[in-house]
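Note sheet for the following structure.
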Amino acid sequence: MTDYKTKLIELLKANDVIKFGKFTLSSGKESDYYVDMKKAITMPEILECVAHLITEQIKDDKVDKIAGPALGAVPIATATSLISKKPMLMIRKQKKSYGTSKQIEGELVEGDNVVIVEDVTTTGGSLLKAIDVIEDNGGHITQAFVIVDREEGAQSAFEEKNIKFNPLLTISEFKSYLD
């Protein structure tokens, strides 16, 4: 385990980002834990750690852009862009109905190799929608990074799309660290 990964686990634990108990998720599903990533992505030390972990894994790859879907992944994409020195893209959930009517903010050039980031995944559905936006606009997704994977289907969803999926941390890893 890298120093940054150990630090990430310790920061998530110290800041009570992953809470255990009885929770109702946004999907309506019940869970015995909750990943409060909005809390995590507002903390500079966590963002810096995440950005270093992602940058370590992409430094030898040909990456043109770092992308993040609004809202949760924008701070992650921003921090990773700052550390990796790669330009970033922000992906809106839907096209603007005014101005330039863009769904992607930032300059995506046809054929750009794009790494996409996200805060937390369950099934991976929302991140896959953002990937479709990038691909529909000429970008090529090389990898997807997520801070925490809840391990509820995202891995297999990305395998089906033939996209390398890289959780920085799985919920199983986090739980085993607590034992």
Donor-acceptor under 3.5 Å ([X] side chain, [Y] main chain):
X    : Y    : result
K5   : L169 : no
S176 : E173 : yes
S81  : A77  : no
N113 : K62  : yes
K65  : L108 : no

Roughly how far apart are [X] [atom1] and [Y] [atom2], rounded to 0.5 Å?
X    : Y    : atom1 : atom2 : result
K7   : I46  : NZ    : CD1   : 10.0 Å
I104 : R92  : CD1   : CZ    : 11.0 Å
I163 : L128 : CD1   : CG    : 6.5 Å
T55  : F145 : OG1   : CZ    : 9.0 Å
F174 : K13  : CZ    : NZ    : 7.5 Å
E118 : I76  : CD    : CD1   : 6.5 Å

Atom [atom1] of [X] with >12 non-hydrogen neighbours under 6.0 angstrom:
X    : atom1 : value
K19  : NZ    : yes
K129 : NZ    : no
E135 : CD    : yes
K175 : NZ    : yes
E56  : CD    : yes
D16  : CG    : yes

Do [X] and [Y] come close enough that some side-chain heavy atom pair is under 4.5 Å?
X    : Y    : value
L8   : I147 : yes
L11  : M43  : no
T24  : E30  : yes
S84  : V63  : no
I131 : F158 : yes
I91  : I116 : yes

Are [X] and [Y] linked, directly or through other ILVMFWY residues, by side chains that come within less than 4.5 angstrom of each other?
X    : Y    : value
L178 : L168 : yes
I41  : V50  : yes
I171 : Y177 : yes
V115 : V133 : no
I9   : Y33  : yes

- Message: Within the 3.5 Å criterion, strictly below it, is a donor on Q103 or N137 matched to an acceptor on the partner's side chain?
- Response: no
- Message: If we check side chain to side chain contact (heavy atoms under 4.5 Å, CB included) with P75, which of these qualifies: L47, V117, D119?
- Response: L47
- Message: Applying the side chain to side chain contact (heavy atoms under 4.5 Å, CB included) criterion to I18, which one of V35, D36, V120 satisfies it?
- Response: V35
- Message: Please verify the inter-ring angle class for H52 with Y4; under 30° counts as parallel, over 60° as perpendicular, anything in between as tilted.
- Response: parallel
Looking at every non-hydrogen atom in both residues, tell me the closest pair between [X] and [Y] and how far apart they are.
X    : Y    : value
I58  : Q143 : CG2-NE2, 3.9 Å
K161 : D132 : NZ-OD1, 2.8 Å
G68  : A73  : CA-CB, 3.7 Å
D64  : K86  : O-CB, 4.3 Å

- Could you list all the salt bridge (charged side-chain N to carboxylate O under 4.0 Å, His left out) pairs where at least one residue sits in residues 136-151, not counting sequence neighbours? R150-E152
- side chain to side chain contact (heavy atoms under 4.5 Å, CB included) evaluation trace for L25 with T122: CA-CA 11 Å; L25 305 177; T122 303; 5.6 Å; no
